[in-house]
Amino acid sequence: MGSLRRSHASGEISAELVGREVVVAGWVQRRRDHGGVIFVDLRDRQEVVQVVFRPDANPQAHERAGELRSEYVIAVRGEVQRRSEETINDKLLTGAVEIEATELRVLNHATPPPFAIEEDAEVDESTRLEHRIHDLRRPPLQRSLRLRHRLYQAVRHALSDLDFLEIETPMLTKSTPEGARDFLVPSRLQPGSFYALPQSPQIMKQLLMVSGFDRYFQIARCFRDEDQRADRQLEFTQIDLEMAFVGMEDVMEVLETVTCDGALQAAGVELERPFPRMTFAEAMGRYGCDRPDTRIQLWLEDLTDVFRESGFRAFQSAVEAGGIVKCLPIHDAGDLSRSEIDRLESLVRKELGAKGLAWIRVTADGTWQSPIVKFLSESEKEQIAERTQARVGSLLFFQADRADRANAILSRLRIDLGWKLGRVDGRPWDALFVVEFPLFDRTEDGGLTYMHQPFVAPLEEDIPLLDGEPEKVRGTHYDVILNGVELGSGSLRNHRSDVQRRILELLGYGRDEAQARFGFLLEGLDTGAPPHGGFAFGFDRWCMLLAGVDNLRDVIAFPKTQRGQDLLMAAPSLVASEQLEELSIRPVRRRTED
RNA sequence: GGGGCGGUAGUUCAAUCUGGUUAGAGCACUGGCCUGUCACGCCAGAAGUUGCGGGUUCGAGUCCCGUCCGCCCCGCCA
């Protein structure tokens with residue numbers, strides 16, 4: 001900067017400064033050279049301001065301005081001037097004024113940017129990721145990351161005010177079998193042994209409760225080595241929180257407070273309190289999904305009982321095999337064409353493994369048009385009509401399948417068609433709790449697995465069911481759903497080691513195995529663990545929703561591709577064999593250098 | 001692991017279905033002109049291993065096979 005010191009950000013240059021000398025610094029957004037007068041749009045992180053170079057007023061600065069190119073880094077001293085009426089630019093916040101330059105310093109040259117540094121230049125994703133620096137200079141990511149910052153601050157404030165302590169937990173930790181695939185880190189000092197990067201600080205935060213830290217939180221980085229999606233990255237950020245001597249209501253209240261404070265302060269979004277609550281059973285029943293977007297005004301109808309004894313084999317056999325028959329009725333669906341139905345069928349077949357997509361359309365004269373109607377008895381037709389409230393113009397979609405698949409398929413149709421047909425209630429934000437999840441789920445081979453994680457406490461009144469009917473045991477788990485996205489979830493944890501041991505046993509861990517894997521937790525509980533519970537909040541997803549984008553990459557400064565690569569720094573990469581040697585690692589096979 | 005879409009100049013796209021002369025265009029870039037523009041304008045220019053490898057053919061950006069990369073989805077993951 002030499003002798004220049006920045007006096008104002010570009011966004012601060014306003015009519016109030018007219019006549020004042022200012023110094024601004026930033027990047028050359030654009031140069032408009034008229035041969036005589038030269039205009040340069042100077043961009044800093046906030047805004048753009050126009051700088052004018054006149055050949056007569058300041059020949060030296062003018063000549064230098066002719067050399068400027070996009071993205072050159074400059075500092076400009078000059079006088080703020082009011083623009084004449086006809087040259088005011090309404091598109092710029094600073095468009096009523098401009099800076100007449102008296103001094104120009106070129107602080108750095110720049111290679112031409114690979115794409116325009118503009119709001120809506122459409123650029124291929126891989127190009128954006130390779131040139132992340134340029135992409136980050138564009139307004140969308142500048143906005144996202146600023147929103148993200150406000151959300152960090154809001155959460156820290158809200159929790160600190162509630163007397164939570166921010167405590168860090170290790171990144172080099174122990175591999176535990178629960179959940180996702182671990183990222184492993186080889187130990188040099190313990191050859192052949194590995195740390196795991198945390199999937200979440202779950203156990204550590206429980207130990208902090210046992211250790212007497214009443215209320216803990218952390219904005220924690222988590223790692224899961226699983227395939228990625230638009231809303232899943234290998235590494236992601238959680239707001240992790242735990243509190244002692246509490247029941248479900250206490251934790252949910254904190255959760256609600258944090259959600260509302262964050263949304264308000266980061267994005268000015270007001271969420272209605274208290275959040276409505278829905279049981280898991282209702283969510284699955286009416287929405288076919290454990291994270292319903294209740295703005296969508298379409299609902300599923302369970303018709304399993306209608307087809308238990310049916311002569312329609314396709315449906316009856318699904319029920320007999322323990323599956324369900326469900327229907328998604330869409331009324332006034334006249335604009336859904338036959339070819340659209342075919343498109344939907346091929347979509348659910350290809351993407352969701354549907355066996356087919358049965359449908360019934362009630363035509364203008366009241367007759368049923370359908371590939372399946374000839375298989376239905378009069379009584380079945382009556383029951384379908386009554387339960388789905390079918391009327392002229394209705395279109396009914398059916399799935400008869402295993403419950404999970406039928407629900408997944410109809411839920412997807414509900415969401416797709418709901419938006420496509422505009423069957424939404426118009427609320428921009430829809431927050432709710434889903435509660436009363438089952439503690440256990442069935443594995444493919446008939447065994448028990450946990451539904452969320454193995455430390456969730458059962459509802460007190462369901463504890464007796466652990467012996468005999470574990471599938472009926474409801475957990476203290478709850479999810480916060482925002483606009484159909486699972487934002488966060490939590491539960492009370494088992495603070496009694498006998499209950500925890502019993503659950504581990506039901507999950508199929510032998511006594512010794514449970515001891516080997518979770519001994520430090522179980523023994524911790526035995527040292528006098530208070531009742532405790534908490535939650536973890538998907539921070540990136542929250543940013544994504546509040547920023548109004550549909551991909552995590554757009555709220556993360558340096559994200560990874562679907563194949564887990566960082567295209568900017570080209571990670572992961574091969575390492576020197578000496579490094580591997582030092583870690584006592586010998587690859588089974590090595591990718592060769594390209 | 002599976003399904004789908006895509007990959008042509010720095011970039012965004014066209015030419016691919018129906019193989020045929022020198023692969024075009026906008027923006028960006030380079031040079032020149034231009035004293036009130038703000039997507040400045042005008043003139044000129046440079047820019048390509050059509051992701052990569054193989055095959056079919058007289059001839060391949062175009063057809064076939066393989067492979068790599070990006071995105072979306074299923075599985076997986078909470």
Side-chain angles (χ1 to χ4, degrees), chain A residues 29-42 48-57 62 66 69-71 81 83-92 94-95 98 100 111-131 134 178-182 199-200 202 222-234 236 238 290-291 346-354 404-405 408-409 412 416 437 441 444 450-453 456 477 479-480 485-491 535-538 541 550-551 553 560-563 565 567 591 594:
Chain A
Q29 175 74 19
R30 194 167 266 117
R31 176 180 61 107
R32 289 178 295 281
D33 187 340
H34 287 245
V37 65
I38 295 175
F39 299 100
V40 168
D41 291 337
L42 179 145
V48 168
V49 67
Q50 174 165 282
V51 182
V52 190
F53 295 90
R54 293 182 201 284
D56 38 359
H62 176 266
R69 295 292 181 272
S70 288
E71 299 309 298
Q81 296 182 343
R83 295 201 199 183
S84 67
E85 202 62 41
E86 66 279 9
T87 60
I88 287 176
N89 184 352
D90 293 328
K91 291 183 206 152
L92 283 187
T94 60
E98 62 196 6
E100 166 138 7
T111 51
F115 45 81
I117 310 302
E118 287 169 356
E119 172 75 31
D120 44 17
E122 278 191 30
V123 187
D124 186 72
E125 189 81 31
S126 57
T127 307
R128 290 180 54 197
L129 290 170
E130 251 171 71
H131 302 277
H134 288 104
E178 99 262 19
R181 197 176 293 119
D182 282 321
Q199 294 182 23
S200 81
Q202 180 61 36
C222 305
F223 304 85
R224 290 176 191 167
D225 188 5
E226 297 291 346
D227 287 0
Q228 310 196 72
R229 286 283 192 289
D231 62 351
R232 278 167 23 196
Q233 282 267 312
L234 294 180
F236 60 100
Q238 280 190 346
D290 62 0
R291 47 183 173 88
S346 100
L347 175 105
V348 295
R349 272 179 189 275
K350 276 185 188 153
E351 292 205 358
L352 301 169
D404 56 350
R405 189 150 45 207
I409 291 160
R412 169 72 170 267
D416 280 6
F437 284 85
D441 199 4
E444 290 283 322
Y450 51 85
M451 185 150 238
H452 294 95
Q453 38 104 331
V456 176
H477 184 96
D479 278 350
V480 180
V485 172
E486 183 201 318
L487 263 198
S489 64
S491 67
F535 62 81
F537 218 98
R541 279 187 193 174
D550 53 16
N551 199 297
R553 291 186 299 272
K560 304 214 178 350
T561 68
Q562 197 156 50
R563 289 178 51 77
Q565 286 185 293
L567 295 182
R591 228 184 61 222
D594 299 328

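Order of the sequence lines fixes the chain letters, A, B, ..., with proteins taken first and strands second; residue numbering starts at 1 for each chain.
Backbone-only engagement by Glu122(A) is indicated by non-hydrogen atom pairs under 4.0 Å involving sugar-phosphate atoms exclusively. Residue contacts shown for Val123(A) are limited to sugar-phosphate atoms, with no base heavy atom under 4.0 Å away.
At a cut-off of 3.5 angstrom, the base of C76(B) holds at least one donor-acceptor pair with the side chain of Arg232(A). Put simply, the side chain of Arg128(A) and the base of U11(B) share no donor and acceptor less than 3.5 Å apart. Within 3.5 Å, no donor on the side chain of Asp124(A) pairs with an acceptor on the base of G6(B), nor the reverse.
Note on Asp41(A) versus Arg32(A): salt bridge recorded, some NZ/NE/NH1/NH2 to OD/OE distance being below 4.0 Å. A salt bridge does not link Glu486(A) with Arg291(A): none of the charged nitrogens is closer than 4.0 Å to a carboxylate oxygen. Salt-bridge check for Arg128(A) with Asp124(A): failed, with every basic side-chain N at 4.0 Å or more from each acidic carboxylate O. Checked for salt-bridge contact, Glu118(A) and Arg30(A) meet the test: a charged N lies under 4.0 Å from a carboxylate O. Salt bridge Arg229(A)/Asp231(A): absent, no basic N to carboxylate O contact under 4.0 Å.
When Watson-Crick and G-U wobble pairs are counted only if both distances are under 3.5 Å, C42(B) pairs with G32(B). For G59(B), there is no paired base (Watson-Crick or G-U wobble, both distances below 3.5 Å). Base pairing of G66(B): its partner is C52(B), meeting the Watson-Crick or G-U wobble criterion (both donor-acceptor distances under 3.5 Å). Pairing of C71(B), defined by two Watson-Crick or G-U wobble distances under 3.5 Å, is identified with G4(B).
Residue-to-nucleotide proximity on RNA chain B shows that, of Gly179(A) and Leu352(A), the 5′-proximal contact is made by Leu352(A). Nearest-nucleotide mapping onto RNA chain B: of Gln81(A) and Arg181(A), the residue sitting toward the 5' end is Gln81(A).
Atom CG of Asp120(A) and atom P of U11(B) are 19 Å apart (whole Å). When the C1' atom of U35(B) is taken as reference, atom CD of Glu98(A) falls 13 Å away, rounded to whole Å. Taking atom CG of residue Asp441(A) and atom C1' of nucleotide A78(B), one finds them 12 Å apart after rounding to whole Å. If you measure from atom CZ of Arg563(A) to atom P of C76(B), you get 20 Å, rounded to the nearest angstrom. A straight line from CZ of Phe437(A) to C1' of A78(B) spans 10 Å, rounded to a whole angstrom. Summarising the geometry, the separation between CG on Leu347(A) and C1' on C74(B) is reported as 11 Å, rounded to the nearest angstrom. Regarding Met451(A), its CE atom lies at a distance of 13 Å from the P atom of C77(B), rounded to whole Å. Residue Phe115(A) contributes atom CZ, which lies 16 Å from atom P of A9(B) at whole-angstrom precision.
Using atom C1' as the reference point in both A39(B) and A14(B), the two lie 22 Å apart (nearest Å). Taking the P atoms as reference points, G31(B) lies 47 Å from U67(B), given to the whole Å. The C1' atoms of C68(B) and U30(B) are separated by 34 Å, rounded to the nearest whole Å. Using atom C1' as the reference point in both G20(B) and G61(B), the two lie 13 Å apart (nearest Å). Separating the P atom of C76(B) from that of G1(B) is a span of 15 Å, rounded to the nearest Å. Look at the C1' atom in both C71(B) and A60(B): the space between them is 28 Å, to the nearest Å. Spacing of C1' atoms, C13(B) relative to G54(B), comes out at 29 Å, to the nearest Å. A78(B) and C63(B) are spaced 43 Å apart, taking the P atom of each and rounding to whole Å.
At a cut-off of 3.5 Å, with distance as the only test, a side-chain donor of Gln199(A) or Asp182(A) sits close to an acceptor on the other residue. In summary, the side chains of Arg553(A) and Gln228(A) do not present any donor paired with an acceptor at a separation below 3.5 Å, with no hydrogens or angles considered.
Stacking of Phe39(A) onto the six-membered ring of U37(B) is present: less than 5.5 angstrom between centres, less than 30° between planes.
Proximity of Arg30(A) to the phosphate of C40(B): a side-chain N or O atom is located under 4.0 Å from OP1 or OP2. For U37(B), the OP1/OP2 oxygens have no side-chain nitrogen or oxygen of Arg32(A) closer than 4.0 Å. Between Arg553(A) and C71(B) there is a side-chain polar atom (N or O) within less than 4.0 angstrom of OP1 or OP2. For the OP1/OP2 pair of A39(B) and a distance below 4.0 Å, the side-chain nitrogens and oxygens of Lys91(A) include at least one atom meeting the criterion. At least one side-chain nitrogen or oxygen of Gln565(A) sits closer than 4.0 Å to the OP1 or OP2 atom of G70(B). For Gln562(A) and C72(B), the shortest distance from a side-chain N or O to OP1 or OP2 is below 4.0 Å. Close to C69(B), at under 4.0 Å from its OP1 or OP2, lies no side-chain N or O of Ser126(A).
Checking U11(B), C71(B), U37(B) against every side-chain atom of Thr561(A), the shortest atom distance belongs to C71(B). In this structure, the nucleotide among C72(B), C38(B), U12(B) sitting nearest to the side chain of Asn89(A) is C38(B). For His452(A), counting side-chain heavy atoms from C-beta on, the closest listed nucleotide (U37(B), G3(B), A78(B)) is A78(B). Picking from G70(B), U12(B), A78(B) the nucleotide with the shortest atom distance to the side chain of Asp290(A) gives A78(B). Distance from the side chain of Asp479(A) is smallest for A78(B) among the nucleotides A78(B), U35(B), C38(B). Relative to the side chain of Arg83(A), the nucleotides C77(B), G75(B), C38(B) differ in distance, and C38(B) lies closest.
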- Would you mind building the protein contact string for nucleotides 29-34 of chain B? One character per nucleotide, 5' to 3', B for base within reach (heavy atoms under 4.0 Å), S for sugar-phosphate only, - for untouched. SSS--B
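Counting non-hydrogen atoms of other residues, nucleotides and ligands closer than 6.0 Å to CG of Asp56(A) gives a total above 12.
Ring orientation note: the planes of Phe537(A) and Phe535(A) are nearly perpendicular, at an angle over 60° on the 30°/60° scale. Ring orientation note: the planes of His477(A) and His452(A) are close to parallel, at an angle under 30° on the 30°/60° scale.
Nearest heavy-atom pair, Asp227(A) versus Arg232(A), reported as atom, atom and distance to 0.1 Å: O-NH2, 2.7 Å.
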